[in-house]
Amino acid sequence: MGLTPATVAWLEAEIGRRVVAVEPLVGGISSTVVRCVLDDGNRVIVRLIEDREWLAREPLLITQEATALTLLARRPPITPSLVAAGDGVLAMTEVPGRLIVEADALAERIRAMAEAAALIAATPVPSTAPLMPWRSWVSKPPQPPTWGHRARWQDAIQRHSCGSPSGADATSVLLHRDVHPLNLLWSEDQRLPAVVDWINACPGHPHAELGHCRWNLAVLIGVEAADRFLHHYLELTAGAGASDYDPWWDLDSLLDKADGPIDVAGWHAVGRTDLTPDLVIQRTERFLESVLAQY
């Protein structure tokens, strides 16, 4: 899937350069993401949201990404730079790097992942920023998944229903909301990965960022990797006002995954064909069991 002539014309008018080639990129599940090669040899990445119903429900999608890139503009190499934003379309600079999803290689980079997450959490959000505050994506009322250990998931639902941790709605740090290995680009000359795909950026409690990443690490490597990520993050953010981690954040992420079948297509697309639905379920159950053991 590429760009329409109208979108190409918009981009050329915004940047004053001609687009000579358009290359689709892997990973654009909810939107079209392409690389545009310009007549001066530079390249920009363009996100196009073609689902107008989604835009009608979430009118700030492009604004959220543009705002996050602006807030993080002074924190290279953590994000791309904003080039232009329009109606359902955003252009940004291309950042160097590659995805790393192999278990052994990823395990060596867990502290760097925690450093990137801590850097994001250190970014204050002005009260005037056009961002919707964090909200849980768990279905109401949540239901145990058809593929899980029913009693264990019912326990998770009961504990989650007690409500979010104290102070969860009173903070205003920047959240990516989707920090995980498929949104991290690693290059040889960067200590930290570049974090891409900021379409769900919002303000909220810094720990709201962690559960989703921990689940991904538990699936890609194992529960120990998820725990190590949390340990590094809390160590790096000690004294920042949110040192005690409440496992409720993990339950919120896990229950969000419970609403539907296990989909491994995204991991297969980047080479992790070892992750079958059965293996993902097995590792998800182990992670849930470890989370519940913290209560």
Side-chain angles (χ1 to χ4, degrees), residues 26-30 99-110 113-114 117 134-162 164 175-184 197 200 207-233 245-295:
V26 174
I29 297 174
S30 57
L99 293 176
I100 292 179
V101 295
E102 301 84 2
D104 290 344
L106 196 57
E108 296 174 352
R109 292 166 170 81
I110 288 177
M113 290 177 59
W134 180 90
R135 64 189 188 280
S136 175
W137 286 338
V138 175
S139 298
K140 295 181 176 56
Q143 298 294 325
T146 57
W147 41 262
H149 186 285
R150 188 171 183 84
R152 187 178 296 138
W153 283 92
Q154 287 177 326
D155 186 12
I157 290 170
Q158 188 277 325
R159 294 183 186 281
H160 183 269
S161 68
C162 294
S164 56
L175 302 176
H176 179 279
R177 281 221 73 168
D178 202 15
V179 171
H180 65 84
L182 297 193
N183 282 330
L184 304 178
D197 196 4
N200 293 310
H207 293 176
E209 191 81 275
L210 306 183
H212 184 55
C213 189
R214 276 169 45 74
W215 172 74
N216 274 272
L217 289 173
V219 168
L220 288 165
I221 308 174
V223 172
E224 184 274 336
D227 290 344
R228 193 148 50 90
F229 169 79
L230 177 61
H231 169 78
H232 287 313
Y233 178 89
Y245 184 71
D246 194 311
W248 187 92
W249 298 112
D250 293 325
L251 295 182
D252 190 75
S253 179
L254 281 160
L255 289 173
D256 180 39
K257 312 293 183 300
D259 187 19
I262 292 293
D263 184 6
V264 295
W267 285 314
H268 285 191
V270 295
R272 284 300 301 267
T273 54
D274 60 304
L275 293 177
T276 64
D278 284 346
L279 182 58
V280 173
I281 289 171
Q282 181 184 98
R283 292 182 176 179
T284 298
E285 292 285 333
R286 288 177 183 168
F287 182 49
L288 175 59
E289 188 173 13
S290 75
V291 172
L292 290 173
Q294 298 175 47
Y295 283 90

Once you round to the nearest 0.5 Å, how far does [atom1] of [X] lie from [atom2] of [Y]?
X: Leu210; Y: Asp246; atom1: CG; atom2: CG; result: 11.5 Å
X: Trp137; Y: Leu255; atom1: CH2; atom2: CG; result: 15.0 Å
X: Glu285; Y: Trp147; atom1: CD; atom2: CH2; result: 6.0 Å
X: Trp267; Y: Asp274; atom1: CH2; atom2: CG; result: 10.5 Å
X: Arg283; Y: Ile262; atom1: CZ; atom2: CD1; result: 13.0 Å

Any donor-acceptor N/O pair, [X] side chain to [Y] backbone, under 3.5 Å:
X: His207; Y: Pro247; result: no
X: His176; Y: Asp197; result: yes
X: Ser253; Y: Asp250; result: no
X: Asp178; Y: Asn200; result: no
X: Arg152; Y: Leu288; result: no

message: Using a strict threshold of under 4.0 Å (side-chain N to carboxylate O), is an ion pair present between Lys257 and Asp259?
response: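 Salt bridge: no.
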message: Under a 3.5 Å cutoff, is there a donor and acceptor pairing between the side chains of Trp215 and Thr284?
response: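 Yes - a donor-acceptor pair under 3.5 Å links their side chains.
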- prompt: Looking only at side chains, do Gln294 and Trp248 share a donor and an acceptor under 3.5 Å apart?
  reply: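 Per modelled atom types, Gln294 and Trp248 side chains form no pair under 3.5 Å.
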Compare every heavy atom of [Y] with every heavy atom of [X], then report the nearest pair and how far apart it is.
X: Arg214; Y: Ala226; result: NH1-O, 2.9 Å
X: His212; Y: Arg177; result: CD2-O, 4.1 Å
X: Leu217; Y: Met113; result: CD2-CE, 4.0 Å
X: Val264; Y: Thr276; result: CG1-C, 4.0 Å
X: Leu220; Y: Pro181; result: CD1-CG, 3.5 Å
X: Arg159; Y: Leu292; result: CD-CD2, 3.9 Å

field: Test item: Ile157 and Pro144 side chains (from C-beta on) under 4.5 Å apart, heavy atoms
entry: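 A side-chain contact exists here, since the closest heavy-atom pair is under 4.5 Å.
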field: Flag side-chain contact, heavy atom, 4.5 Å: Ile221 against Phe229
entry: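 They are not in side-chain contact.
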